[in-house]
Amino acid sequence: MLLHFAPLCLCLLVSPVFMFKRFGRPISPPQLASSEPLPDPEWFTQQLDHNNVRDSRTWKQRYWVSWEHFQAGGPVLIMIGGEGEENPAWLRAGALAEYAKQHGAAMFILEHRYYGQSRPTQDLSVKNLVWLSSHQALADLAGFIQGMNSQHNLTGPWVALGGSYPGSLSGWLRLKYPHLVAGSVASSGPVFAKPDFYEYLDVVDTALKSENTECSKSLATALGKISFLTSHRVGWSMLTKMFKLCKPFDGKDKANIATLAETLIGNIETVVQYNKDKKGFEGGRWRNITTSVICQMMDDRSAGSELQQFAEVNSLSLKMADAKCLDVDYSNKVSMLRNTNYEDPTSRVPGDVGNRPWFYQTCTEFGWYQSSSQDGHPFGETFPVDFFVKMCSDVFGPKFNKDLLERGIDITNTEYGSLNITVTNVVFVHGSLDPWHALGVTKDLSEDAPAILIDGTSHCANLYPESEDDPQGLKDARKQIGELIGKWIKGN
């Protein structure tokens, strides 16, 4: 919840306001059973601009390391950081820790430039964001690996792991630097950059229909009624009260209408993307809020109309986020994203981009805007891709327009190969219910680049700690990935 972008997940060690993130937040960390202190962060001296040999400026990049399972001469696993603050909890639980234990590996976590405490510049002004890109991030990883090999006399092979946007980076790292990493686990990572990610809501619609045929219809009916209410002042007042808006709704601005509809449907999108995955990293309080629960609420006519029940879903989402009201004022969202300090916005922004740095990357490299442009417009047509492109211009300036976005996307797909990526020793892992699988590799590219599509699972499910109630397909996937890592290590 890579604009509804999904994060790598760490336990509730993120602000409750951002409980529900798609791309734009790192996946939440695993919940730890032990109270043993986690390792302190360390700092690596990193080049500011890897593409300019004349620029010798450096900055400090945060990382964590654990030697708990390491055997001399053994392999090294690195978890790649993404579009938010990283957390060392992964050193104790989840896929990183489990595979390190299996293979006697050292563990590293490297935080992505411009996120968390890894801050190359004093602020996030447009002129200072010029060094923020996936290309620079991959070069950071290459420099870090070489630096750690030298500093710790490491001789074993490296294997990369990542989920969501870091899943994309994990596969691309093996593509760009095969001499530095023996293999990569690319979980829930999209590889096809495009402006209009209308397929996202297509997958959400399929997931709702898989619960029951009426759920999607109920949502479409509610959104239709909302669209009608946005057309007159009496409706504005009703919407303000029913959906607990932070300020009176103003439907004169189409951007406010788009923000309202996109935000409300976002409540459901995020539950679908992380369906049944919250139980391990939200302290258990909201572990039962699944797609099934949302559909039961939407279809319960004894409790109210489709619109009334949609409002109840919103109230539940506010409660889960510990928020008193819903902010759908477009100008306020733009204002928050224009803030050039390193503080994240205090409420959800359209597309769930999470923060200014990630929004910049979507405007310059990826797009991935989850629009309402599906065939037949089952959920209305209030937030087309142009709405998100306009937000790029409103936040970063008029030069950040559709032409710039398309040029950036062309560079991304040319550089990395999109769905035709030619790479070895990479396993692409996706969940069938995760909307992001629509832009990822879901079929084997070759014997050395297999894909695993786990039926009935959502975003980054394979990265979390094992649970007794995991579906067999997820258990089998974890086992297969562990065997592939062993194969890469031995074959290095």
Before giving the answer on side-chain contact (heavy atoms from CB on, under 4.5 Å), spell out for H135 and K176 the whole-Å C-alpha distance, their side-chain angles and the decisive distance to 0.1 Å. CA-CA 10 Å; H135 315 286; K176 300 292 291 185; over 6 Å; no

For T206, all residues meeting side-chain contact (heavy atoms from CB on, under 4.5 Å), sequence neighbours excluded: none

Between the side chain of R356 and the main-chain N/O of F359, is any donor-acceptor distance below 3.5 Å? no

Between the side chains of E42 and R62, is the shortest nitrogen-to-carboxylate-oxygen separation below 4.0 Å, so that they form an ion pair? no

Counting distance only, does the side-chain N/O of R174 pair as donor-acceptor with the main-chain N or O of V185 below 3.5 Å? no

Could you tell me which residues satisfy side-chain contact (heavy atoms from CB on, under 4.5 Å) with E98, sequence neighbours excluded, listed by chain and number? Q102

For the residue pair S315 and K244, confirm or rule out a side-chain donor-acceptor distance under 3.5 Å. yes

Just by modelled atom types, is the V385 backbone N or O under 3.5 Å from a matching donor or acceptor in the D196 side chain? no

Can you list every side chain to side chain donor-acceptor pair (under 3.5 Å) pair that touches residues 152-162, not counting sequence neighbours? N149-W158

Is any side-chain heavy atom of C460 closer than 4.5 Å to one of Q273? no

If every non-hydrogen atom of P435 is compared with every non-hydrogen atom of V204, which pair is closest and at what distance? CG-CG2, 3.9 Å

Straight-line distance of F144 CZ to D140 CG, nearest 0.5 Å: 10.5 Å

Those residues that, when tested against S305, pass side-chain contact (heavy atoms from CB on, under 4.5 Å) (two or more places apart): K225, L307, Q308

Whether the side chain of S118 engages the backbone of R113 through a donor-acceptor N/O pair (distance < 3.5 Å, no angle test) should be reported. no

Indicate whether the side chain of S458 and that of N275 have a donor and an acceptor atom separated by less than 3.5 Å. no

Under 4.0 Å between a side-chain nitrogen and a carboxylate oxygen: does that hold for E199 and K194? yes

Do you know the tightest heavy-atom contact between A207 and L433? CB-CD2, 4.5 Å

Using the side chain to side chain donor-acceptor pair (under 3.5 Å) rule, take D476 and Q480 through it: C-alpha gap first, then chi angles, then the decisive distance, then the call. CA-CA 6 Å; D476 293 343; Q480 182 180 348; over 6 Å; no

Please determine which of Y360, Y342, Y115 meets the side chain to side chain contact (heavy atoms under 4.5 Å, CB included) test together with N355. Y115

Please check if the side chain of N267 supplies one atom and the backbone of S317 the other of a donor-acceptor pair under 3.5 Å. no

Taking ring pair (Phe, Tyr, Trp, His ring centres under 6.0 Å) as the definition, give me every residue that meets it alongside H430, ordered by chain and number, with sequence neighbours left out. none

Exercise: do D300 and Q296 side chains pair donor with acceptor under 3.5 Å: no

Begin with the C-alpha distance, continue with both residues' side-chain angles, and end with the deciding distance and a verdict on side chain to side chain donor-acceptor pair (under 3.5 Å) for Y63 and E86. CA-CA 9 Å; Y63 72 96; E86 286 307 311; over 6 Å; no

Reference residue F108; test ring pair (Phe, Tyr, Trp, His ring centres under 6.0 Å); the match among W67, W64, F44, F70: W67

Name the residue from F197, Y274, F428, F192 that meets the ring pair (Phe, Tyr, Trp, His ring centres under 6.0 Å) definition with W436. F197

Under a plain distance cut-off of 3.5 Å, with no hydrogens placed, do H437 and S432 share a side-chain donor-acceptor pair? no

Using a 6.0 Å cut-off, check whether atom CD of E447 has over 12 heavy atoms from anything other than its own residue. no

First locate atom CD of E312, then atom CD of Q309, and finally report the distance between them rounded to the nearest 0.5 Å. 6.0 Å

Y99 (side chain) donor-acceptor with A105 (main chain) under 3.5 angstrom: no

Show, in sequence, the C-alpha distance, side-chain angles and deciding distance for E483 and R478, and conclude whether the salt bridge (charged side-chain N to carboxylate O under 4.0 Å, His left out) test is met. CA-CA 9 Å; E483 292 172 349; R478 289 195 179 107; over 6 Å; no

Test of understanding: with side-chain contact (heavy atoms from CB on, under 4.5 Å), list the residues that count as partners of T422, not counting sequence neighbours. none

Ignoring hydrogens and geometry, is there a side-chain-to-backbone donor-acceptor pair from S418 to N420 under 3.5 Å? no

Between S184 and N425, is there a side-chain heavy-atom distance shorter than 4.5 Å? no

Look at the rings of Y416 and W172 and say which category their plane angle falls in: under 30° parallel, 30 to 60° tilted, over 60° perpendicular. parallel

Minimum heavy-atom distance between C295 and N212, given as atom pair plus value: CB-ND2, 3.9 Å

Donor-acceptor pair, distance only, cut-off 3.5 Å: does the side chain of S371 make one with the backbone of S373? yes

Do E211 and I294 have side-chain heavy atoms sitting under 4.5 Å apart? no

Considering non-hydrogen atoms only, spot the tightest contact between E365 and S134 and give its length. OE1-OG, 2.6 Å

Would a 4.5 Å heavy-atom cut-off, applied to side chains only, mark I80 and L110 as touching? no

Would a 4.5 Å heavy-atom cut-off, applied to side chains only, mark M107 and I78 as touching? no

Mind checking whether L474 and Y464 have side chains closer than 4.5 Å, heavy atoms only? no

Which heavy-atom pair separates A220 from P378 by the least distance, and what is that distance? CB-O, 3.1 Å

Min side-chain heavy-atom separation F366-I409 under 4.5 Å: no

Is Q374 reaching over with its side chain to a backbone N or O of Y198, donor-acceptor style, under 3.5 angstrom? yes

When every non-hydrogen atom of S188 is compared with those of D434, the smallest separation belongs to OG-OD2, 3.4 Å

Between S446 and D448, is a side chain to side chain donor-acceptor pair (under 3.5 Å) present by the stated rule, with each step listed? CA-CA 5 Å; S446 69; D448 294 322; 5.2 Å; no

Test side-chain contact (heavy atoms from CB on, under 4.5 Å) on L316 and V313; report intermediate values, then the result. CA-CA 5 Å; L316 175 61; V313 170; 5.7 Å; no

Note, D205 side chain near F379 side chain (heavy atom, < 4.5 Å): yes

For the backbone of G167 and the side chain of S170, can you confirm whether one donor and one acceptor N or O come within less than 3.5 Å of each other? no

